[in-house]
Amino acid sequence: MGLKKAGSEGGSSSEWRISALVVDDNATIRFLHKTILKGLCNMEPKIAKDGKEAVDMCRSGENFDIILMDKQMPIMNGVEATRKLREMGVKSKIVGVTILDNESEKEEFLAAGLDLYLEKPLNPTMLRDVLKELQLI
């Protein structure tokens, strides 16, 4: 995958370069997550508007260190996309980022193969903590 560190140890997180995919049908959320990742990691995340686009990107050989995956999307939802990605052998860290109505929906999403689940809206501190927890920065 694309994890690279520029410069010496002990620098700021903006020196880290990771590859990321933001998967969300909402253009505002895509822009927000893309902007946060760009600010934290000095990188340009790829974008998918639904789960099918994400699966197709990975099937075509694209690799990502992290995938931020919404749950409720048209064409292919996040649960189905996450399950397919794991069946394909995708090793990316997949973080579910959504607003869920109940605990059983959260459990279903996690059981599909998520590494972590977060509730919207994300902020820079939350995402930086996630990247550290997943050992990406």
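We're numbering straight along the sequence, starting at 1. Quantities reported herein were computed from a predicted structural model and do not represent experimental measurements.
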Colleague: Between the main-chain N or O of Phe64 and the side-chain N or O of Ser92, is there a donor-acceptor pair closer than 3.5 Å?
Modeller: yes
Colleague: side-chain hydrogen bond (donor to acceptor under 3.5 Å, both in side chains) with Lys120: which residues, sequence neighbours excluded?
Modeller: Asp24, Asp70
Colleague: Nearest 0.5 Å, what's the OG1-CD distance between Thr82 and Glu87?
Modeller: 11.0 Å
Colleague: Between CE of Met57 and CD1 of Ile67, what distance do you get to the nearest 0.5 Å?
Modeller: 9.0 Å
Colleague: Specify the closest pair of heavy atoms between Val90 and Cys58, including all atoms of both residues, with the distance to one decimal.
Modeller: CG2-CB, 4.0 Å
Colleague: Do you know the tightest heavy-atom contact between Lys34 and Val22?
Modeller: N-CG2, 4.3 Å
Colleague: State plainly whether the residues Asp129 and Lys132 are in salt-bridge range, i.e. N to O under 4.0 Å.
Modeller: no
Colleague: For the atom pair CG (Asp50) and CE (Met73), what is the distance rounded to the nearest 0.5 Å?
Modeller: 6.5 Å
Colleague: With heavy-atom distances below 4.5 Å as the criterion, would you say the side chains of Val23 and Glu53 are in contact?
Modeller: no
Colleague: What I'd like to find out is whether the side chain of Lys49 reaches to under 4.5 Å of the side chain of Arg30, using heavy atoms alone.
Modeller: yes
Colleague: So which atom in Gly51 and which in Ala81 form the shortest heavy-atom distance, rounded to 0.1 Å?
Modeller: CA-CB, 3.6 Å
Colleague: Given side chains that start at C-beta, do those of Pro45 and His33 come closer than 4.5 Å, heavy atoms only?
Modeller: no
Colleague: Side chains of Gln72 and Glu105: closer than 4.5 Å at any heavy-atom pair?
Modeller: yes
Colleague: Once rounded to the nearest 0.5 Å, what's the spacing between atom OG1 of Thr125 and atom CG of Leu40?
Modeller: 8.5 Å
Colleague: So do Val55 and Met88 actually touch side chain to side chain, heavy atoms under 4.5 Å?
Modeller: yes
Colleague: Please find the pair of heavy atoms, one from Ala48 and one from Ala54, that lie closest to each other, and give the distance.
Modeller: CB-N, 3.7 Å
Colleague: Quick check on the hydrophobic clustering: are Phe31 and Ile29 connected, directly or via other members, by side-chain heavy-atom contacts under 4.5 Å?
Modeller: no
Colleague: Give, for atom CG of Leu134 and atom CG of Asp65, the distance between the pair rounded to the nearest 0.5 Å.
Modeller: 10.5 Å
Colleague: Is there a path of hydrophobic side-chain contacts, each under 4.5 Å between heavy atoms of I/L/V/M/F/W/Y residues, joining Leu85 to Ile75?
Modeller: no
Colleague: Keeping the roles fixed (side chain from Arg83, backbone from Gly113), state whether a donor-acceptor pair exists under 3.5 Å.
Modeller: no
Colleague: Roughly how far apart are Lys71 NZ and Lys106 NZ, rounded to 0.5 Å?
Modeller: 13.0 Å
Colleague: Mind listing the closest non-hydrogen atom pair of Leu114 and Gly96 along with its distance?
Modeller: CD2-N, 3.5 Å
Colleague: Is it the case that one hydrophobic cluster holds both Ile18 and Ile47, taking links as side-chain heavy atoms less than 4.5 Å apart, direct or via other members?
Modeller: yes
Colleague: Could you tell me if the side chain of Val130 sits less than 4.5 Å from the side chain of Leu122, heavy atoms only?
Modeller: no
Colleague: Check whether Glu80 reaches the backbone of Met76 with its side chain - one donor and one acceptor, N or O, closer than 3.5 Å.
Modeller: no
Colleague: Would you mind reporting whether Asn63 and Ser19 have side-chain heavy atoms less than 4.5 Å apart?
Modeller: no
Colleague: Output yes when a side-chain donor or acceptor of Asp115 lies under 3.5 Å from a complementary backbone atom of Val95, and no otherwise.
Modeller: no
